[in-house]
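I have placed the structure first, in the form of structure tokens, so that the comments after it can refer back to it.
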Amino acid sequence: MRRDIEFQTEDGVTLRGWFYQGKGVKGPAPTVVMAHGFSAVKEMYLGDFAEFFAEEGISSLVYDHRNCGASDGTPRGHLDPREQIDGYRDAITHVQAMDEVDENRIGIWGSSYSGGHVLVVGAIDRRVKCVVSQVPLVAGLESARRLIRGDHWKATRAGFEADRAARMRGEPNARVPVTAPEGEPCALPTADTYAFFTEFTRSNSTNWENEVTLQSVELFTEYEPGIYASRISPTPLLLVAALEDHLTPYDMTARVYEDALEPKKFLQLPCGHFQAYTGDMFKMSAPVQRDWFKTYL
């Protein structure tokens with residue numbers, strides 16, 4: 001049901017992932033383009049969603065963002081939201097040319113950082129016929145202000161400025177851990193972030209790296225995908241939010257949903273950010289997501 005796949009971005013970077021063929025489909029099938037969040041790789045539960053969709057005849061292309069996982073690109077761990085948005089659009093172009101895909105029935109799925117990306121892509125790319133955004137980042141600066149202590153902001157911004165000056169001198173990007181034990185500097189300073197990545201990598205084979213460029217954090221603080229929500233209509237939007245989310249807080253996502261126009265649907269999960277991928281929350285959420293794609297693709 002799954003095979004390895006690769007394709008090139010418009011600027012020549014090879015992105016790699018998996019293609020899941022929808023079961024029981026004769027002829028070109030509706031297809032969902034999927035990618036993961038901030039530094040995460042496809043092995044981190046995206047296949048569970050793709051397999052679930054495939055059982056109902058929906059194909060999926062699941063891939064790693066440039067500079068991450070199995071995909072090419074340098075600097076490694078450099079997460080530019082604009083480049084990742086363009087990656088989604090290149091992935092759409094690629095699947096539209098595949099014989100197994102109905103080019104007029106393309107959906108997009110994103111979670112966390114990529115949950116924000118699909119809001120942007122859904123608003124600007126009318127090839128997209130359906131959007132599912134799970135526990136999305138919707139407001140980079142406000143999210144960062146909740147993650148970074150107020151008395152640390154001056155030093156944080158000084159670090160951004162020093163890194164920018166160093167890059168202009170031709171020096172390599174400064175780098176920081178994605179996650180670290182409580183109290184240690186990192187990009188995503190929440191306990192559940194540390195637990196998610198360390199527990200997954202301890203028990204699974206993956207090429208995830210616990211390091212990103214400092215510029216990736218600066219770009220995070222400048223990224224405001226929620227402002228695109230009102231522009232997605234008439235493309236249907238399903239927004240999935242977690243009530244106990246400390247990383248992409250529920251109240252921000254709920255406000256963005258109010259800005260979105262019909263057709264739209266809101267699914268509230270009684271959990272934290274990373275619980276949305278597995279267990280009972282997956283069992284609650286995945287059928288709703290699948291039915292959304294079935295209805296509109």
Phe196 side chain near Thr179 side chain, heavy-atom distance below 4.5 Å = no
Whether over 12 other heavy atoms sit under 6.0 Å from Lys265 NZ = no
key: Side-chain ion pair, Arg255 and Glu142, N-O less than 4.0 Å   = yes
request  = Using a 4.5 Å cut-off on heavy atoms from C-beta on, say whether the side chain of Asn173 contacts that of Arg167.
outcome  = yes
inquiry  = With heavy-atom distances below 4.5 Å as the criterion, would you say the side chains of Thr14 and Phe7 are in contact?
reply    = no
message = So does Ala260 get a backbone contact from the side chain of Lys264, meaning a donor-acceptor N/O pair under 3.5 Å?
response = yes
query = Under 3.5 Å, is there a donor-acceptor pair between the side chain of Ser233 and the main chain of Glu262?
reply = yes
task = Kindly indicate, with the supporting measurements, whether the criterion ring-ring contact (aromatic ring centres under 6.0 Å, His included) is fulfilled by His117 and His65.
result = CA-CA 12 Å; His117 301 345; His65 292 296; 5.8 Å; yes
request  = Measure the shortest side-chain to side-chain distance between Arg127 and Arg89 over non-hydrogen atoms and say whether it is less than 4.5 angstrom.
outcome  = yes
key: Over 12 foreign heavy atoms within 6.0 Å of CD, Glu171   = yes
ask   = So do the side chains of Val240 and Gln289 get within less than 4.5 Å of each other, counting heavy atoms only?
value = yes
ask   = Is it true that Asp86 and Arg66 make a salt bridge, defined as a side-chain N closer than 4.0 Å to a carboxylate O?
value = no
ask   = Using 4.0 Å as the upper bound for N to carboxylate O, is an ion pair formed by Arg3 and Glu100?
value = yes
key: Short N-O contact, Glu218 and Arg164, less than 4.0 angstrom   = yes
key: Close side-chain approach of Val13 to Ser71, heavy-atom, < 4.5 Å   = no
task = Would you name the heavy atoms of Gly159 and Leu214 that are closest together and state the gap between them?
result = O-CD2, 3.5 Å
key: Under 3.5 Å: donor-acceptor pair, side chain of Asn204, backbone of Phe200   = yes
inquiry  = Looking only at side-chain N and O atoms, does Thr213 offer a donor or acceptor that is under 3.5 Å from a partner on His78?
reply    = yes
query = Centre of Tyr63's six-membered ring, under 6.0 Å away, within 45 degrees of the axis: is that where NZ or CZ of Lys42 sits?
reply = no
query = Are the side chains of Val121 and Val128 in touch, meaning some heavy atoms are under 4.5 Å apart?
reply = yes
task = Under the side-chain contact (heavy atoms from CB on, under 4.5 Å) rule, what do Phe53 and Met34 come out as? Steps first, then yes or no, please.
result = CA-CA 12 Å; Phe53 300 155; Met34 306 175 62; 4.2 Å; yes
task = Indicate yes or no for a side-chain donor-acceptor contact from Asp102 to the backbone of Ala29 under 3.5 Å, with no hydrogens or angles considered.
result = no
ask   = Quick one: does Met44's side chain get under 4.5 Å of Tyr277's, heavy atoms only?
value = no
